[in-house]
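Both counts, for ligands and for their atoms, begin at 1 and track the order of listing. Since the structure is predicted, the reported quantities are computational estimates derived from the model, not experimental observations.
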Amino acid sequence: MSEITLSGLEKRYGDTLAVEDVSVTIDDGELLCLLGPSGSGKSTTLRMLAGLETPTDGTIHIGDEDVTDRPAYERTTATVFQDWALFPHKTVIENVAFGLKMEGVGKTERRERARGMLERVRMESHADENPMNLSGGQKQRVALARALAVNPDVLLLDEPLSNLDKRLSEDMQIELREIHEEFEETFVHVTHDQDEAFTLADRIGIMAEGNLVQVGEPDEVYENP
Ligand code: ADP
Ligand code: ADP
């Protein structure tokens, strides 16, 4: 069970109210896009979900557990970042296997599972390469494989497509949607791109000035902006 409940979530940085009041329940297996302009608090909300920031008020539940004060490594979330954040001194397959190593999975199983994930994102032929030599789209596939390899309950995606050109981004949107349907995990996807949100989302949450101002299916949100 990986339903997520955010209640009265707030994050202050000194005088800056990055997130003012975010409350929403994200269904198990849902793909929710947080959509809004730069500075509206999307990324801060996602970072709190990931355990990379501690809220100044409010709570986060994943399933039945209150994870508000749990660090990232104690959560069943995995994150894909805009800049991919791949380890430059590890090969592609070592990158994908890294989280499994941290979980204590043995070497043979690690390799097998990492290779399976690389096949899923069609990157198996690059397994032994240095990730820095890959194109943006290829890096994104590896980052996605690395995040999914640990079987997270919740996948968090922070503007993962915004460093790709438009065509590649559109291709990746279709792939992400397929992967979401296949893995049946809860995805929370941050973007400032309306078309991307419309293509991907089961529901869209509109963020403005630190608040979640509207949540609904794409058609509802677009008809009543
Ligand atoms: P978005 O992801 O929608 O672009 P962010 O969550 O990154 O928005 O930022 C929301 C607001 O909080 C912005 O005004 C931003 O400058 C501020 N902010 C974000 N992170 C920090 C931080 N670490 N320190 C200070 N201010 C921050
Ligand atoms: P995003 O919009 O994706 O959050 P930003 O460029 O706004 O990207 O932020 C990148 C990083 O800088 C994040 O870790 C964020 O927390 C931090 N940050 C953003 N705004 C500020 C700020 N005003 N002061 C300090 N850190 C900030």
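Numbered from 1 in the order shown, with element, the atoms of ligand 1 that lie under 4.0 Å from a heavy atom of S38 read 4 (O). The contact set between ligand 1 and S40, taken as ligand atoms under 4.0 Å from a residue heavy atom, comprises 1 (P), 3 (O), 8 (O). Near T44, the atoms of ligand 1 lying under 4.0 angstrom from a non-hydrogen atom of the residue are 5 (P), 6 (O), 9 (O), 19 (C).
The NE2 atom of H89 sits 8.5 Å away from the CG atom of N130 when rounded to the nearest 0.5 Å.
Listed by chain and number, the residues in a side-chain contact (heavy atoms from CB on, under 4.5 Å) with L168 are L164, D165 (sequence neighbours excluded).
Among E220, E217, E30, the single residue meeting the side-chain hydrogen bond (donor to acceptor under 3.5 Å, both in side chains) criterion with R203 is E30.
Side chains of T91 and D128: no donor on one and acceptor on the other come within 3.5 Å.
Closest to atom 3 (O) of ligand 1 by heavy atom, among M207, H192, K42, is K42.
In terms of N/O distances under 3.5 Å, ligand 1 is not approached by T45. In terms of N/O distances under 3.5 Å, ligand 1 is not approached by A18. For ligand 1, the polar-atom distance check finds no N/O of E53 at less than 3.5 Å from any of the ligand's N/O atoms.
Clustering of Ile, Leu, Val, Met, Phe, Trp and Tyr side chains at separations under 4.5 Å places F98 together with F87, M102.
Contact analysis puts P37 in contact with ligand 1, with a non-hydrogen atom separation below 4.0 angstrom. Proximity of G41 to ligand 1 is established by a heavy-atom distance of less than 4.0 Å.
The pair K166-E170 counts as a salt bridge, with a side-chain nitrogen and a carboxylate oxygen less than 4.0 angstrom apart.
Other residues, nucleotides and ligands contribute only 12 or fewer heavy atoms inside 6.0 Å of the CD atom of E184.
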